[in-house]
Q: 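Questions regarding the structure given below will be posed in turn.
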Number of protein chains: 2
Amino acid sequence: MIAEILSTGDEIRSGAVTDTNAAHIALKLGEAGIAVVRHMCVGDDRAMLRNAIAEISKRADIAVVTGGLGPTMDDITALAAAGAAGVGLTLDEGALKNIETFFLSRNREVSPSNRKQAFLPEGSTPINNPVGTAPGFVMKIGQCTFFFLPGVPFEMERMLEDSVVPQILVRCGKNRSFCRVKNISTFGLPESVVNERLAGFDAAFPDLTLGLRAIFPEIHVKIYGSAMAEDLLDQRIAEASNWINDQMGRYLLSPEGLGMAAVVGGLLCERKETLAVAESCTGGLVSHQLTNVPGSSDYFLFSAVTYSNASKVKVLGVPKEILETYGAVHEKTAEQMAMGARRLAGSTYGISTTGIAGPDGGTEEKPVGTVCIGIAGPNTSKAMRYCLPFGQRLRNKEIFAAMAMDVLRRTLLDD
Amino acid sequence: MIAEILSTGDEIRSGAVTDTNAAHIALKLGEAGIAVVRHMCVGDDRAMLRNAIAEISKRADIAVVTGGLGPTMDDITALAAAGAAGVGLTLDEGALKNIETFFLSRNREVSPSNRKQAFLPEGSTPINNPVGTAPGFVMKIGQCTFFFLPGVPFEMERMLEDSVVPQILVRCGKNRSFCRVKNISTFGLPESVVNERLAGFDAAFPDLTLGLRAIFPEIHVKIYGSAMAEDLLDQRIAEASNWINDQMGRYLLSPEGLGMAAVVGGLLCERKETLAVAESCTGGLVSHQLTNVPGSSDYFLFSAVTYSNASKVKVLGVPKEILETYGAVHEKTAEQMAMGARRLAGSTYGISTTGIAGPDGGTEEKPVGTVCIGIAGPNTSKAMRYCLPFGQRLRNKEIFAAMAMDVLRRTLLDD
């Protein structure tokens, strides 16, 4: 069973947008035991697209095609697919109904261009899109079953998971092997060092494969396994997972692959403790990440994004003398900020960030990438300084935010 | 002159790594006036790779191939290229010398596997790699000139700029065309309505192409043009840009394609005014986005992420009676929050968000997706309620944050 991926659209073809869909689809099909042997991308050109589909129809068993199902004039995938199959387009009543329901639930009217999205190639079957207006469709062309999905990653990912992968697994039937991917998240070691720590993996688990992936600033470790016996596979994955957790020690973030904010949130939740944050250089990112976790209102009380010195004094009660003596980017200031946030919110813990995210504002003594992180708890308060220059303002904010949460994580684990 | 891109390697094929090289190469070739019509990716399989090269050699004038030039056994691109051309490999003295120089300058010895990298297909010409050990090479196969480059983005980008693009421009000579891409950002209309508003574009500008792209929650409009006369092309792009700006009216965010936070920041900067934010449901995202813009400390003073009701009262001074009478998600509360943030920071404007991002917490009267946005300025304060259910917690936060900044943007434009 071999598969190909076809990404469509002038944005991707021209390089205006990096194609992240192809990697996502290849990973998910790989997890389902289907090897993707080729990716291709062509632009919004009907003849090119029709030819690409026709080529794939002679080579592959399965193809996933993304893009060009939207309501606009450059959305031509349904036409090209129909052309490659030698059929016409026809109004699919089920697809139209789904589009109408989608708009009705938002109190909006269906426009003529949205109605166009319900015209699908004859002989195709619609794939429901629960999160957007563009229906997908599946159809056989030549020897190959094509799954056509929208290019919007959010919609594509949902439909791939809900509809495409299950349909492929049914097609594979009993002969299919079982695949597992286990994700383990780590924080604090560079990818090369994680790789060195896991050097013994291949000898210990020759039946499994390891993959490292930087999801900045975390390094995720993936264990891939494939076998005909499901129970045995699960057992081996569990053994390998334990082995990796041991090698990673305190750098292990989550054996379930959770991100930093979810891990910290889980620890606070378990202990029924609460948190307040004082952010300067991270500008709200710590709070944003913490509150991305559903249920975070149980432990996250308050954050003060005190960008100006005046607000550090007025809102957090940082003594003016400390700011005047040491400056905004200093351990003393960070500690006072954490204490101030904790006091103001009446929370168990307070954490703070103050630093220089760049591109400007660095000095010889405090270059771009310098960050001071404060933590205040029931027993003690402290602060530390790091220099973590990751070159870009947003990346610096991301590493600073992760470091602040990691300081709290390690404190919670030690307590 | 048409071009194709071929990315090689199992990491990309399997989805373990997203292929960012293809987009980079397509952009750079596009800037040089060369249209890339197709990207392809195959894994480290010699037959697949040789076939892919042979296919391209029949279709394209130029091809850029990345990956598989390293020292290890899965680096098979030179062999596959030689196979497709029907020639053998031969030691290239120049390439070997470059490799030796590279190692010498780092006081390291040349290993046998690095020496392997100097074996290039007969008839090819090496491309110098100033920042790594893998030499590239250029060779004609069929009708197509192939440029083979390493897959490491840093090395590939340098060689593309130093050697490949200049060689291509020489080949094009005087016949080369110029390309332009112009990006315009909009906010507040769904993609289908933007499309309808721009329906007259093709008739007015038959020489240009339009592309729409959702960068949630914004819709970006791209104008693509290509012509032999550079001046005329720039003039046409400017005319088309003005036409689009007129069609979009108040929904035009930025004629330069800037995002919401940068646009709002620019307006505040121009007017030398300042901003404070009070966030509940957006959890710090408004502040995070505002502070992603370099220089934002000039106008962004402070944000209070008041997740708990207690912090709304204590920090922002929202009257307890208002919270008790109307609840946290209400226009009255939003208005008080905006006023409180403005008062506390002494800023020109205050904006606020309070709502229900989900997945839980919705009621019949205030379903998930409900958000109240407050704004307080020098003259007046007000608040409004929207229902914007985008299905996912993070997406709801994103649309809420954009709406809050848009309310400020429109106020600044009206003042």
Side-chain angles (χ1 to χ4, degrees), chain A residues 10-20 22-27 30 36-43 48 70-74 106 111 113-114 131 152 211 213 283-288 290-292 294 297 300-308 310-311 314-315 344-345 359-360 393-394, chain B residues 12-20 22-27 30 36-43 48 181 191-193 195-196 209 211-214 222 224 283-288 290-292 294 297 300-308 311 314-315 344-346 359-360 389 391 393-394:
Chain A
D10 276 338
E11 292 135 10
I12 294 172
R13 181 196 57 73
S14 68
V17 171
T18 296
D19 180 14
T20 55
H24 180 89
I25 295 166
L27 264 185
V36 171
V37 298
R38 196 194 281 241
H39 313 184
M40 215 185 338
C41 163
V42 296
M48 281 285 296
T72 70
M73 53 246 173
D74 56 3
R106 282 155 178 79
S111 70
S113 52
N114 286 119
V131 288
V152 179
R213 187 167 167 228
L285 179 57
V286 176
S287 322
H288 172 50
L290 286 167
T291 60
N292 279 349
S297 55
F300 175 76
L301 301 186
F302 169 68
S303 171
V305 184
T306 51
Y307 232 49
S308 66
S311 64
K314 192 162 176 188
V315 179
L344 198 54
D360 305 317
R393 183 178 176 83
L394 180 56
Chain B
I12 293 172
R13 182 196 57 73
S14 68
V17 171
T18 296
D19 179 15
T20 55
H24 181 89
I25 295 166
L27 264 186
V36 171
V37 299
R38 196 193 281 242
H39 313 186
M40 214 182 343
C41 164
V42 296
M48 282 286 296
V181 182
E191 188 173 357
S192 58
V193 179
N195 186 51
E196 279 157 28
T209 310
L212 297 192
R213 182 169 169 231
K222 290 200 165 175
Y224 300 88
L285 179 58
V286 176
S287 321
H288 172 51
L290 286 167
T291 60
N292 279 348
S297 55
F300 175 77
L301 300 187
F302 170 67
S303 171
V305 184
T306 51
Y307 232 49
S308 67
S311 64
K314 193 163 176 188
V315 180
L344 198 55
D360 305 317
R393 183 178 176 84
L394 180 56

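Predicted model only: the values in this text are computed from it and were never measured. Letters A, B, ... mirror the listed sequences (proteins, then strands); counts begin at 1.
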Q: Among E11(A), H24(A), M48(A), which residue forms the greatest number of heavy-atom pairs with chain B at distances under 4.5 Å?
A: E11(A)

Q: Name the region of A304(B), side chain, backbone, both or neither, that has any atom closer than 4.5 Å to a heavy atom of chain A.
A: both

Q: Hey, what's the ring geometry for H288(B) with H288(A), parallel, tilted or perpendicular (30° and 60° as the breaks)?
A: parallel

Q: Just so I understand: if I count every heavy-atom pair under 4.5 Å between each of D360(A), T18(A), N292(A) and chain B, which residue has the most?
A: N292(A)

Q: Which atom pair, heavy atoms only, marks the closest approach of K222(B) to A16(A)?
A: NZ-CB, 3.3 Å

Q: If you count heavy-atom pairs under 4.5 Å with chain B, which of V42(A), D19(A), L301(A), T306(A) comes out on top?
A: L301(A)

Q: State whether the side chain of S287(A) and the backbone N or O of G284(B) hold a donor-acceptor pair below 3.5 Å, judged by distance alone.
A: no

Q: Tell me which of these, D10(A), V37(A), V286(A), has more heavy-atom pairs under 4.5 Å with chain B than the rest.
A: V37(A)

Q: For V131(A), is it the side chain, the backbone, both, or neither that has a heavy atom closer than 4.5 Å to a heavy atom of chain B?
A: neither

Q: Is it the case that the side chain of R13(A) and the backbone of V36(B) share a donor-acceptor pair, with hydrogens and angles ignored and the cut-off at 3.5 Å?
A: yes

Q: Under a 4.5 Å heavy-atom cut-off, does chain A meet the side chain of V193(B), its backbone, both or neither?
A: neither

Q: Do you know which of L212(B), V181(B), L290(B), I25(B) has the most heavy-atom pairs under 4.5 Å to chain A?
A: L212(B)

Q: Among S311(A), G15(A), G43(A), which residue forms the greatest number of heavy-atom pairs with chain B at distances under 4.5 Å?
A: G15(A)

Q: If you count heavy-atom pairs within less than 4.5 Å of chain B, which of S303(A), P71(A), A26(A), S308(A) leads?
A: S303(A)

Q: Heavy-atom cut-off 4.5 Å, strictly under: side chain, backbone, both or neither for N114(A) against chain B?
A: side chain

